Amino acid sequence: NQTPRYSQPGLPVQEVDVILELKVLADVGLVGFPNAGKSTLLSVLTSAKPKIADYPFTTLHPNLGVVRVDAERSFVIADIPGIIEGAAEGLGLGYKFLKHLQRTKVLLHIVDILPLNEENDIVAEAVAITQELEKYSEELYGKPRYLVINKIDLLAPDEREAVIDDFITRFKQYETQTNFDKIFVISGITGEKCKELCNYLMSFIEQKSDRQIEAKAVSSVAG
């Protein structure tokens with residue numbers, strides 16, 4: 001009846017207030033202090049064009065990018081605003097977006113090996129990130145998490161090994177999570193060692209996906 005000639009009074013309905021919370025889907029999440037080079041790394045590895053500048057909190061919202069390892073294999077990276085100490089209590093911007101990392105398979109903890117402010121203690125900052133993750137969510141803190149030492153292009157070739165070894169030694173005195181068994185040393189701006197990082201992540205994601213499929217198959221058979 002496309003042209004009705006009568007009306008019907010409305011019926012009582014139940015009203016409900018609903019809050020919808022969006023969580024982006026990504027395989028890899030980037031965490032670190034502001035200006036650690038997360039957005040630069042995203043722009044180098046993917047076709048994403050996040051805002052990049054040499055001041056804190058350049059990133060104001062999550063950015064996603066697709067890393068294509070080859071024609072048939074790819075994964076998604078999420079970059080969120082930098083986390084600062086006290087984020088779990090609501091300081092800074094990163095805390096508001098940590099929820100977007102809850103569905104990731106692995107986290108990359110990005111460290112600026114040579115920050116603009118020489119007074120910054122990069123070890124204390126790196127430790128603060130792990131502490132903020134733990135305060136926010138045990139589940140997020142327990143995810144596979146790899147250390148990525150960035151901006152090695154700023155170090156003289158003959159200084160790199162000593163500076164990096166010193167950082168790792170001092171950092172491991174605080175950080176006991178076995179998730180840091182794998183450490184990458186890269187330059188996001190030049191792309192140095194980024195290919196190796198992507199290949200490792202792709203293999204890890206594929207293995208994890210295969211294990212999840214097997215677990216579901218076993219569960220289905222058992223059910």
Side-chain angles (χ1 to χ4, degrees), residues 22-32 35-53 58-59 61-82 94 97-113 126 129 133 139-140 142-155 157 160-161 164 168 177-220:
L22 173 66
K23 294 181 181 179
V24 300
L25 292 175
D27 300 299
V28 179
L30 305 181
V31 296
N35 277 118
K38 300 184 298 299
S39 295
T40 297
L41 181 61
L42 181 71
S43 69
V44 169
L45 299 183
T46 76
S47 59
K49 302 299 180 185
K51 184 178 180 180
I52 299 172
T58 307
T59 301
H61 54 81
N63 291 302
L64 296 178
V66 178
V67 177
R68 298 200 176 278
V69 177
D70 55 46
E72 302 294 333
R73 303 159 73 218
S74 64
F75 59 89
V76 179
I77 285 186
D79 170 33
I80 66 170
F97 301 106
L98 281 172
K99 63 185 179 183
H100 292 295
L101 303 180
Q102 291 178 330
R103 297 183 181 180
T104 57
K105 296 180 176 67
V106 60
L107 300 179
L108 296 185
H109 184 154
I110 312 296
V111 173
D112 180 355
I113 196 63
I129 294 295
L133 289 176
E139 179 185 1
L140 193 59
K143 283 183 178 293
R145 187 159 32 96
Y146 299 115
L147 184 65
V148 178
I149 298 174
N150 191 23
K151 302 186 183 181
I152 59 170
D153 57 286
L154 299 179
L155 296 173
R160 288 185 181 182
E161 185 174 353
I164 292 169
I168 293 174
Q177 277 285 81
T178 56
N179 292 336
F180 284 112
D181 285 346
K182 191 67 179 177
I183 298 174
F184 298 91
V185 180
I186 69 165
S187 169
I189 194 70
T190 66
E192 183 178 354
K193 300 294 183 180
C194 287
K195 184 176 181 180
E196 291 87 340
L197 171 62
C198 291
N199 287 333
Y200 184 90
L201 289 172
M202 188 75 260
S203 298
F204 174 86
I205 291 167
E206 288 174 336
Q207 292 174 7
K208 190 173 181 64
S209 297
D210 289 342
R211 288 195 296 268
Q212 290 175 341
I213 292 173
E214 291 175 359
K216 289 181 179 179
V218 171
S219 176
S220 176

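Please read all numbers here as calculations on a predicted model, not as lab measurements.
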How close do [X] and [Y] get, counting heavy atoms only, and between which atoms?
X: I80; Y: L30; answer: CG1-O, 3.8 Å
X: N63; Y: L42; answer: CB-CD2, 3.6 Å
X: A26; Y: L64; answer: CB-CD2, 4.2 Å
X: C194; Y: G188; answer: SG-CA, 4.4 Å
X: F204; Y: K105; answer: CE2-O, 3.8 Å
X: L45; Y: C198; answer: CD2-SG, 3.5 Å

Sequence neighbours left out, what passes side chain to side chain contact (heavy atoms under 4.5 Å, CB included) with R68? Give chain and number order.
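So R68 forms a side chain to side chain contact (heavy atoms under 4.5 Å, CB included) with V66, S74.
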Can you name the side chain to side chain contact (heavy atoms under 4.5 Å, CB included) partners of L140, sequence neighbours left out?
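Partners of L140 by the side chain to side chain contact (heavy atoms under 4.5 Å, CB included) criterion, ordered by chain and then number, come out as L98, L101, L107, L133, Y136, S137, K143.
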Would you check if I113 and L154 make a side-chain contact, meaning some heavy-atom pair closer than 4.5 Å?
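They are not in contact (no side-chain heavy atoms under 4.5 Å apart), so the answer is no.
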List in chain and number order the residues that pass side chain to side chain donor-acceptor pair (under 3.5 Å) with [X], two or more places apart in sequence or in another chain; answer none if no residue qualifies.
X: N150; answer: none
X: E206; answer: R73
X: N199; answer: none

Taking atom CG of L155 as the centre, report whether more than 12 heavy atoms of other residues, nucleotides or ligands fall under 6.0 Å from it.
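Buried by this count: over 12 neighbours within 6.0 Å.
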Report the distance from atom [atom1] of [X] to atom [atom2] of [Y], rounding to the nearest 0.5 Å.
X: T40; Y: D112; atom1: OG1; atom2: CG; result: 10.0 Å
X: K182; Y: L201; atom1: NZ; atom2: CG; result: 10.0 Å
X: I149; Y: I183; atom1: CD1; atom2: CD1; result: 6.0 Å
X: D27; Y: I205; atom1: CG; atom2: CD1; result: 4.5 Å
X: Y146; Y: Y200; atom1: OH; atom2: OH; result: 4.0 Å

If a pair satisfies salt bridge (charged side-chain N to carboxylate O under 4.0 Å, His left out) and one of its residues is in residues 183-198, list it, with sequence neighbours excluded.
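The answer is R160-E192.
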Would L41 and I186 count as a side chain to side chain contact (heavy atoms under 4.5 Å, CB included) here? Give the steps.
CA-CA 10 Å; L41 181 61; I186 69 165; 3.6 Å; yes
Pair L108, L197 - check side chain to side chain contact (heavy atoms under 4.5 Å, CB included), show working.
CA-CA 10 Å; L108 296 185; L197 171 62; 4.3 Å; yes
